Amino acid sequence: MHGVTKRFPGPKGAEAVTAVDDIHLDIADGEFFSLLGPSGCGKTTTLRMVAGFEYPTAGSIRIFGQEVGLEPPNKRPVNTVFQSYALFPHMTVAQNVAFGLEMQNLDKAEIAKRVADVIELVQLQGREKRKPKQLSGGQQQRVALARALVNHPKVLLLDEPLGALDLKLRQAMQLELKQLQERVGITFVYVTHDQEEALTMSDRIAVMDGGRLLQVGTPNEIYDRPRTRFVADFIGDTNLLAATVVDGETVRLADGTTVRAKTSAAAGTGVTLAIRPEQAGLRHPDYEQDPALDAIHGRVERLTFLGNAIAYEVVGEGSGEVRMRVRQGNAPGIEHFAVGDRVRARWMPSSISVLDD
């Protein structure tokens, strides 16, 4: 996708609404790629333009070098799996899967073989004669996947396909989907608003907001090195600390504490630092300070027991308020603290991301 923009007509007399704004994006063959963002960010519109259900206002969409931006859906080497499954209730599993092949007037023996192969692929053997209402939600989702895969698309588009499932089944289906994609080896483009889902399954993720691409990278890059405040805050839990640049290697927090953080911003510029709660740890204030670590002094204001970890909220003791959340493991030998305890919250300087807003 190069320079892809989509504008919808506004209400009478109003300006057009820009749903997707000048997207440049290349997805590799065989990649599990996720479009991630909140509702209304443009991710589904982007997917619908690849599918052919919407046409771009501007820009180019190419699949294996073929320009498809203005081609109808049936002329594109893609298939789509929807959240609603869109199965024919009066047809059996086998009939639902075979429907697209029958529309192509393929030989009956060829249809039967391809249907049997894909039903085995999604592990629905023995259920070929059942109707959708006789299947669980997860099984219906497998039928929808089989129906899409049986046509041998070059790209499979998935629009929040697990959104209707309960949490436990959704988590199980995430692993199945990733394994399925690895077995068939085709490109999956997956739309979701669920951060954990995207981090679990994707080779790469594009984070969207307001119709724009904010960051594209691997799950590790998106999580550990967010580039903007929105990405840092949207992907998991994070501390966002206001600071002022001292020089290219150092910044000063609101309470006057100086910490190490690499930045190209000019001295005196206000910046935002991001650090994940699990990347910081707590120690007693009189514990010998490790020169390799940076820290703030404060008190525990709140704590939450999480089973294998404890989440602490620490308020700095300096003149300007600095708050940090720290998630510390709950294993034998790890120090525990109570509300009101004086502590030192400390971290490796490499854990800090300086955000560019």
Side-chain angles (χ1 to χ4, degrees), residues 27-36 43-44 46-47 50-51 63-64 73 76-88 91-101 110-128 130 132 134-206 218-220:
I27 299 173
D29 184 20
E31 190 170 32
F32 196 121
F33 192 95
S34 290
L35 298 170
L36 173 66
K43 57 189 186 295
T44 292
T46 301
L47 195 80
V50 178
I63 300 177
F64 289 96
R76 304 187 187 201
V78 306
N79 261 1
T80 306
V81 178
F82 302 98
Q83 180 177 343
S84 62
Y85 311 146
L87 301 178
F88 297 113
M91 292 185 180
T92 65
V93 168
Q95 290 169 338
N96 265 283
V97 174
F99 181 79
L101 300 179
E110 171 69 10
I111 292 175
K113 181 181 184 306
R114 285 170 64 170
V115 168
D117 288 346
V118 78
I119 282 179
E120 182 179 357
L121 183 68
V122 298
Q123 301 175 17
L124 284 174
Q125 306 97 308
R127 298 177 175 86
E128 293 88 345
R130 294 188 186 183
Q134 298 173 303
L135 303 174
S136 68
Q139 290 168 343
Q140 290 182 48
Q141 186 55 265
R142 289 192 184 96
V143 177
L145 282 166
R147 186 177 59 184
L149 290 169
V150 77
N151 289 307
H152 296 167
K154 291 183 177 179
V155 182
L156 186 64
L157 309 174
L158 302 104
D159 189 5
E160 307 219 31
L162 307 183
L165 305 180
D166 63 65
L167 177 60
K168 191 169 183 179
L169 181 55
R170 188 162 72 243
Q171 290 173 335
M173 285 297 295
Q174 288 170 13
L175 298 176
E176 285 193 25
L177 259 182
K178 179 59 178 173
Q179 292 168 354
L180 177 63
Q181 188 265 340
E182 290 172 345
R183 287 201 300 273
V184 297
I186 66 174
T187 307
F188 277 31
V189 183
Y190 191 95
V191 161
T192 182
H193 64 272
D194 187 317
Q195 301 94 325
E196 181 181 341
E197 195 167 88
L199 292 171
T200 298
M201 295 191 294
S202 309
D203 296 315
R204 285 193 304 149
I205 300 168
T218 66
N220 282 348

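Note that the structure is predicted; figures quoted are calculated from it, not measured. Nothing fancy with the numbering, it's 1 onward along the sequence.
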So do Val189 and Val50 actually touch side chain to side chain, heavy atoms under 4.5 Å? no
Test item: Leu87 and Arg147 side chains (from C-beta on) under 4.5 Å apart, heavy atoms: yes
Do the non-hydrogen side-chain atoms of Lys178 and Phe32 ever get within less than 4.5 Å of each other? yes
Check the pair Leu162, Leu177 against side chain to side chain contact (heavy atoms under 4.5 Å, CB included), reporting the backbone distance first and the verdict last. CA-CA 10 Å; Leu162 307 183; Leu177 259 182; 4.2 Å; yes
Return yes if some donor-acceptor pair links the side-chain N/O of Asp203 with the main-chain N/O of Phe33 below 3.5 Å, else return no. no
Counting only heavy atoms not in Glu120, do more than 12 sit closer than 6.0 Å to its CD atom? no
Could you tell me which non-hydrogen atom of Val150 sits nearest to which non-hydrogen atom of Val115, and how far apart they are? CG2-N, 4.1 Å
Scanning both residues in full, the closest heavy-atom pair of Met91 with Pro132 reads O-CD, 3.2 Å
Show the nearest heavy-atom pair for residues His193 and Lys43, with the distance to one decimal. N-CE, 3.9 Å
Could you check if a side-chain atom of Val155 sits within less than 4.5 angstrom of a side-chain atom of Ile27, using non-hydrogen atoms only? no
Could you walk me through whether Gln125 and Arg127 satisfy the side chain to side chain contact (heavy atoms under 4.5 Å, CB included) test, starting with their C-alpha distance in whole Å, then the side-chain angles of each, then the deciding distance to 0.1 Å, before giving a yes or no? CA-CA 6 Å; Gln125 306 97 308; Arg127 298 177 175 86; over 6 Å; no
Would you confirm whether Arg183, through its side chain, and Leu121, through its main-chain N or O, come within 3.5 Å as a donor-acceptor pair? yes
List the atom of Ala98, the atom of Ile111, and the distance in Å for their closest heavy-atom pair. CB-CG2, 3.8 Å
Note, Met201 side chain near Ser34 side chain (heavy atom, < 4.5 Å): no
Which pair of non-hydrogen atoms, one from Ala148 and one from Val81, has the smallest distance, and what is that distance? CB-CG2, 3.7 Å
Heavy-atom check, side chain of Thr92 versus side chain of Gln134, under 4.5 Å: no
Which atom of Ala198 lies closest to which atom of Thr192, heavy atoms considered: CB-CG2, 4.0 Å
